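Following: one structure in structure tokens, then a few remarks.
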Amino acid sequence: MVPGVLLMCAGFGAAQVTMSITYDIQQGIVSRFRTMNVLPSAVLIGHVFSALLRNLASLALATGVAVLIGFRPEADLLDWLAATGILSFFILALSGLSALFGLLIKSVDAAYVPSFFFLFLPYVSSGFVPVETLPGWLQPVAEHQPMTPLIESVRSFLLGTPLGNNAWIAIAWCTGILVVSAVTTSVVWRRLKR
């Protein structure tokens with residue numbers, strides 16, 4: 001279950017970017033930064049990378065607690081680096097998507113909505129139960145969404161389960177989310193009122 005919990009922590013933490021950016025826009029902070037001689041997208045980039053660092057710290061804490069209560073990973077240094085790398089890429093992709101939501105959502109109260117979506121996806125995956133034990137109509141959803149290959153990759157790196165193509169599929173999902181988010185965010189950012 002630990003890989004599923006780690007993905008939930010990462011998803012929730014990445015969703016905080018939506019609230020931060022929405023708040024900054026409402027308070028006029030973004031408008032002030034846009035008048036300064038800084039890279040126009042520095043506000044968004046700062047939020048995304050601070051979310052990455054904050055989430056890596058929370059994942060380290062969650063992993064430490066899991067070890068304290070009985071989680072026994074079989075990972076060597078390279079496996080830990082691989083798990084950290086794929087989790088970092090996931091956080092970066094979701095933070096980029098959250099930045100887009102932060103530009104589109106008009107109130108801080110509504111900015112909490114994406115976090116529910118990010119928290120719900122691991123439940124409809126292999127995070128807590130094997131996919132084949134889910135109801136028949138739910139199995140295709142669990143098999144063909146980004147959380148299952150991400151969870152299976154982390155599980156493989158930390159616990160030595162078979163990896164298969166999961167890491168490549170997870171990387172493809174994260175790359176797709178990041179590219180679509182970055183392109184769409186840059187378009188929305190340029191159209192945002194100053």
Side-chain angles (χ1 to χ4, degrees), residues 2-18 20-21 39-60 62-63 75 78-105 113-127 131 139-159 161-191:
V2 171
V5 171
L6 292 177
L7 266 284
M8 285 179 66
C9 290
F12 181 73
Q16 303 302 312
V17 173
T18 303
S20 298
I21 290 174
L39 182 67
S41 59
V43 174
L44 299 177
I45 292 169
H47 277 293
V48 168
F49 281 100
S50 68
L52 175 63
L53 295 175
R54 186 176 55 247
N55 284 314
L56 287 175
S58 70
L59 288 177
T63 304
L78 286 177
D79 291 330
W80 278 105
L81 290 174
T84 303
I86 205 158
L87 285 168
S88 298
F89 197 30
F90 171 68
I91 293 167
L92 193 62
L94 276 192
S95 297
L97 184 60
S98 293
L100 173 62
F101 290 147
L103 294 177
L104 295 174
I105 295 174
V113 173
S115 64
F116 291 115
F117 178 72
F118 295 147
L119 282 173
F120 177 71
L121 274 179
Y123 288 109
V124 188
S125 71
S126 64
V131 171
Q139 289 179 17
V141 175
E143 289 172 358
H144 302 292
Q145 59 123 325
M147 295 298 182
T148 295
L150 281 159
I151 289 168
E152 291 304 320
S153 297
V154 173
R155 188 173 282 144
S156 175
F157 294 135
L158 297 182
L159 298 172
T161 60
L163 181 60
N165 290 328
N166 287 314
W168 295 114
I169 295 169
I171 289 169
W173 269 107
C174 291
T175 302
I177 292 168
L178 188 59
V179 168
V180 169
S181 299
V183 170
T184 310
T185 300
S186 67
V187 170
V188 172
W189 178 253
R190 276 187 248 124
R191 293 182 180 176

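Just so it is clear, the model here is predicted, and its values are computed rather than measured.
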What distance separates Leu121 CG from Ile151 CD1, expressed to the nearest 0.5 Å?
9.0 Å
CZ of Phe157 to CD of Glu152: how many Å apart, nearest 0.5 Å?
11.5 Å
Between atom OG of Ser88 and atom CG of Asn55, what is the distance when rounded to the nearest 0.5 Å?
9.5 Å
Nearest heavy-atom pair of Ala51 and Ser95: which atoms, and what distance?
CB-OG, 3.6 Å
Quick one: pull up CG in Leu6 and OG in Ser58 and give me the separation to the nearest 0.5 Å.
9.0 Å
I'd like to know if the side chain of Thr148 and the backbone of Glu143 have a donor-acceptor N/O pair within less than 3.5 Å.
no
If we ignore hydrogens and angles and just use 3.5 Å, is the side chain of Ser153 paired with the main-chain N or O of Asn166 as donor and acceptor?
yes
Donor-acceptor contact below 3.5 Å, side chain Arg155 vs main chain Gly4
no
The side-chain contact (heavy atoms from CB on, under 4.5 Å) partner of Leu104 among Ile21, Thr184, Val188 is Val188
Does Val113 form a side-chain contact (heavy atoms from CB on, under 4.5 Å) with Ile105? I'd like the steps, not just the answer.
CA-CA 10 Å; Val113 173; Ile105 295 174; 5.6 Å; no
Heavy-atom nearest pair, Ser98 first then Val17, reads CB-CB, 3.7 Å
Minimal heavy-atom distance between Leu59 and Cys9, with the atoms involved, is CD2-CB, 4.0 Å
Find the distance between CG (Leu56) and CD1 (Ile91) and round it off to the nearest 0.5 Å.
4.5 Å
Kindly determine whether Thr63 and Leu158 satisfy side-chain contact (heavy atoms from CB on, under 4.5 Å), including the steps that lead there.
CA-CA 11 Å; Thr63 304; Leu158 297 182; 5.8 Å; no
Distance-only, no hydrogens or angles: does the Ser156 side chain make a donor-acceptor pair with backbone N or O of Thr161 under 3.5 Å?
yes
Measure across Met147 and Leu7 and return the closest heavy-atom pair with its distance rounded to 0.1 Å.
SD-CD1, 3.8 Å
Taking every heavy atom of Gly13 against every heavy atom of Arg54, the minimum-distance pair comes out as O-NH2, 4.1 Å
Rounded at 0.5 Å granularity, tell me how far CG in Leu92 sits from OG1 in Thr175.
10.0 Å
May I ask you to check whether over 12 heavy atoms, not counting those of Trp80, lie within 6.0 Å of atom CH2?
yes
Could you walk me through whether Trp173 and Leu150 satisfy the side-chain contact (heavy atoms from CB on, under 4.5 Å) test, starting with their C-alpha distance in whole Å, then the side-chain angles of each, then the deciding distance to 0.1 Å, before giving a yes or no?
CA-CA 9 Å; Trp173 269 107; Leu150 281 159; 5.8 Å; no
side-chain contact (heavy atoms from CB on, under 4.5 Å), that's the test. Do Phe90 and Ile86 meet it? Break it down for me.
CA-CA 6 Å; Phe90 171 68; Ile86 205 158; over 6 Å; no
Looking only at non-hydrogen atoms, find the nearest pair between Val154 and Pro3 and report the distance.
CG1-CB, 3.9 Å
